[in-house]
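First the structure, in the form of structure tokens, and then the observations on it.
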Amino acid sequence: MCGIVGILGGKSVATDLVDALRRLEYRGYDSAGIATVENGHLDRRRAEGKLRNLETRLIAEPLSGRTGIGHTRWATHGRPIERNAHPHMSAKVSVVHNGIIENFRELKERLTAKGHVFETDTDTEAVVHLITDGMQNGLDSISAVREALDQLRGAFALGIIFAGEDDLMIAARQGSPLAIGHGRGEMYLGSDAIALAPFTDAITYLEEGDWAVMRRAGAEVFDRDGAPVTRPLVKSVASSLLVDKGNHRHFMAKEIHEQPEVISHTLSNYLDMANGRVSIPDLGIDLATVPRVTISACGTAYYAGLVGKYWIERYARVPVEIDIASELRYREAPLPEGGLALFVSQSGETADTLATLRYARANGQRIASIVNVRTSTIARESDAVLPTLAGPEIGVASTKAFTCQLSALACLAIALGRARGAISEEQEQELVSALIEVPRLISTMLVDETPYVELAHLLSKARDVLYLGRGLSYPLALEGALKLKEISYIHAEGYAAGELKHGPIALIDEAVPVIVVAPEDDLLEKTISNVQEVAARGGQIVLISNADPEKIGCELAAHIKIPDAHPLTYPLISAVPVQLLAYHTAVLMGTDVDQPRNLAKSVTVE
Ligand code: F6R
């Protein structure tokens with residue numbers, strides 16, 4: 001949520017700042033901007049909208065300077081217009097910020113009374129005036145920042161440069177991630193290591209409350225009390241990760257097609273394929289006696305967690321509580337002594353999930369997380385991590401991260417089941433064999449996308465679309481609806497098939513497509529009854545199933561055939577058609593598939 005970069009370079013940094021911002025655009029794309037110290041003065045270029053608008057601006061009005069900061073914005077305070085775009089600045093200081101300054105109104109009032117003139121609607125501008133005020137009162141740059149930091153409440157990552165200081169940048173972290181990159185006679189700052197990958201793989205991650213004084217010769221890091229601290233220098237693997245679309249038109253398409261490979265990588269991490277066994281890392285808790293598992297996550301990751309709940313309850317017979325992170329943390333849920341709290345997150349930085357993790361820790365839970373970014377805050381604050389090996393996911397709508405999360409969750413459910421004796425060794429082998437088949441089965445569904453292109457014509461004309469599923473397919477109905485609405489902007493709802501008659505059936509008429517996720521499992525008969533209820537009211541049914549359509553006993557608008565598989569794996573298999581339906585509908589409608597409006601990839605604000 002907002003990306004920030006900074007470079008203390010050996011030559012003009014504008015081009016490199018834009019290059020780094022390109023790798024951070026997934027964090028927000030409402031506006032972008034850079035500021036540099038040019039002949040001792042601060043100057044900036046900003047542009048509303050995508051980064052390419054800033055690039056066009058820079059061609060017309062280049063910016064020189066060897067010291068600079070940059071920002072790509074996901075608007076929180078103030079509309080996404082150029083005036084509110086970062087960097088914000090006074091004559092003395094320029095600031096880029098990710099997060100929310102919660103006490104900005106109070107600060108603004110105080111500073112306005114002292115004569116500071118605010119020009120934007122942002123919370124960030126309060127930081128600029130606060131530091132400027134300190135400097136006007138005679139403090140040097142570092143002391144002014146230090147004093148300002150003590151007065152800020154909320155979550156922030158900051159990058160700060162100063163007029164007349166060509167060899168100084170200050171970074172500060174409280175609640176939002178920040179990485180310092182070490183180069184040869186150059187230093188870098190970024191919201192994540194991927195942004196810095198073209199420049200360096202030597203990274204220091206700031207910890208909560210840290211702030212750093214960066215100069216070309218290196219960085220000194222201090223904790224929130226101002227004591228110097230040493231943070232480890234780690235080698236980032238981000239530089240080796242290729243972040244391009246390959247032969248695909250969109251990152252989302254590429255990531256959908258990568259699923260057989262990345263699911264296979266993730267499964268290999270947790271399966272002893274030769275012996276048909278599951279082998280997950282030690283979670284530091286006795287799986288045989290854990291009284292309850294509490295799962296929490298947001299959005300798509302939450303739907304993965306919901307499938308995990310069904311699997312763990314079915315195969316391990318352990319009670320599972322699940323809630324979206326923004327609710328669990330505030331409803332003061334009692335958590336049982338010795339319980340396992342499990343967090344699912346692609347980015348590992350989602351603010352609500354992280355806050356819930358801390359709530360669970362404070363309430364005596366053992367913390368495990370399923371994360372894609374191993375260096376993330378959620379991973380670092382967990383007692384045990386089950387990584388997903390999806391690689392960087394750039395499309396804002398999550399696809400391959402979801403199926404990799406499911407892969408890790410399935411392995412965890414089997415491991416729990418074995419530890420408790422709820423499943424036998426033979427059953428474990430059967431389930432492992434089923435999982436091993438998944439990458440191959442998914443590949444068969446990616447060969448021909450024509451049915452989805454055709455169906456896109458039906459969905460793109462709809463005002464509302466319903467998704468139905470029962471049991472393990474219910475979370476897939478929710479995920480299908482989320483995918484469609486976030487990238488095509490068509491209103492869609494996912495419902496448990498059995499719940500339809502308790503209200504949503506009132507919506508059904510000839511204009512409402514109803515997508516039914518109904519693989520051939522022990523719940524199929526029940527779902528068929530619900531499908532017939534829809535047919536009786538004229539709804540246009542699109543069936544995603546391996547069952548013979550004859551069995552459904554009513555007319556279908558379309559049948560998307562999925563391969564026969566073990567019931568354990570249907571959520572993984574059914575994920576692909578719901579992703580492709582959303583993707584092709586969005587492409588037909590001409591929306592911005594990889595960067596849909598109003599969204600950002602990494603949601604680091606509450
Ligand atoms: C939807 C989507 C979001 C994320 C959610 C959690 O396609 O991507 O709903 O799943 O914002 O993000 P992470 O997994 O990074 O915690």
Side-chain angles (χ1 to χ4, degrees), residues 1-3 24 26-28 74 176-177 191-192 194 250-253 255-256 259 266 295-308 322-329 342-357 369-382 385-388 390-409 467 475-476 478-489 492 494 575-576 578-583 585-586 591-606:
M1 198 119 287
C2 296
L24 286 177
Y26 72 89
R27 299 178 77 93
W74 186 82
S176 299
S191 295
D192 64 31
I194 293 186
H250 299 101
F251 279 110
M252 184 177 176
E255 289 158 5
I256 290 173
Q259 288 179 110
T266 304
I295 304 181
S296 196
C298 302
T300 288
Y302 168 76
Y303 299 143
L306 193 52
V307 174
I322 180 161
D323 204 351
I324 47 178
S326 53
E327 287 299 315
L328 184 66
R329 59 178 295 205
L342 180 65
F343 299 91
V344 187
S345 176
Q346 188 284 126
S347 63
E349 301 293 350
T350 302
D352 285 316
T353 310
L354 179 59
T356 310
L357 181 155
S369 60
I370 295 182
V371 283
N372 198 37
V373 181
R374 284 202 214 193
T375 49
S376 62
T377 314
I378 289 177
R380 282 185 282 134
E381 292 198 15
S382 298
V385 178
L386 301 182
T388 49
E393 191 179 62
I394 305 297
V396 163
S398 188
T399 52
K400 63 175 181 170
F402 176 68
T403 44
C404 287
Q405 286 158 356
L406 292 181
S407 305
L409 283 160
Y467 284 73
L476 269 295
L478 295 169
E479 171 61 2
L482 176 62
K483 283 289 91 87
L484 187 71
K485 66 186 141 196
E486 69 181 329
I487 61 169
S488 74
Y489 317 143
V576 177
V578 298
Q579 293 165 353
L580 286 172
L581 266 183
Y583 173 73
T585 305
T591 56
D592 192 340
V593 172
D594 284 332
Q595 295 182 332
R597 69 184 182 206
N598 304 340
L599 295 175
K601 185 78 184 154
S602 182
V603 186
T604 54
V605 294
E606 282 183 41

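Each ligand, and each atom within it, is numbered from 1 in the order the structure gives. In what follows, every heavy atom counts, from backbone to side chain, and hydrogens, waters and symmetry copies are set aside.
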[X]: numbered ligand 1 atoms lying under 4.0 Å from its heavy atoms:
X      : value
Ala397 : 7 (O)
Ser347 : 13 (P), 15 (O), 16 (O)
Ala301 : 10 (O), 14 (O)
Glu486 : 1 (C), 7 (O)

- Is there at least one pair of N or O atoms, one from Lys483 and one from ligand 1, spaced under 3.5 Å apart?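 Checking ligand 1 against Lys483, an N or O pair does fall under 3.5 Å apart.
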
- Item | Heteroatom distance test (Gln346, ligand 1): nitrogen or oxygen, under 3.5 angstrom |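 For ligand 1, there is an N or O atom that lies under 3.5 Å from one belonging to Gln346.
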
- Check the pair Gln259 / Thr403 against side-chain hydrogen bond (donor to acceptor under 3.5 Å, both in side chains), numbers first and verdict last. CA-CA 7 Å; Gln259 288 179 110; Thr403 44; 2.7 Å; yes

[X] and [Y]: which non-hydrogen atoms are nearest, and at how many Å?
X      : Y      : value
Gly305 : Ile295 : O-CD1, 3.6 Å
Leu357 : Phe343 : CA-CZ, 3.3 Å
Lys483 : Glu486 : CE-OE2, 2.8 Å

- Message: Could you check whether Ser369 and Ser382, counting side-chain N and O atoms only, form a donor-acceptor pair closer than 3.5 Å?
- Response: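 Per modelled atom types, Ser382 and Ser369 side chains form a pair under 3.5 Å.
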
- side chain to side chain donor-acceptor pair (under 3.5 Å) with Glu349: which residues, sequence neighbours excluded?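 Partners of Glu349 under the side chain to side chain donor-acceptor pair (under 3.5 Å) test: Thr377.
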
- Task: Any chance you could measure Gln405, atom CD, to Tyr303, atom OH, to the nearest 0.5 Å?
- Result: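 It is 13.0 Å, given to the nearest 0.5 Å.
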
- Distance (rounded to the nearest 0.5 Å) between Phe402 CZ and Glu393 CD: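 CD of Glu393 is found 11.0 Å from CZ of Phe402.
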
Just to confirm my output: which protein heavy-atom neighbour is closest to [atom], and how far is it?
atom                    : answer
atom 12 (O) of ligand 1 : Thr350 OG1, 3.5 Å
atom 11 (O) of ligand 1 : Val603 CG2, 4.0 Å
atom 6 (C) of ligand 1  : Cys298 O, 3.3 Å
atom 2 (C) of ligand 1  : Thr300 OG1, 3.8 Å

- Query: Side chain, backbone, both or neither: which part of Val396 has a heavy atom under 4.0 Å from ligand 1?
  - Reply: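 Within the 4.0 Å criterion, Val396 contacts ligand 1 through backbone atoms alone.
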
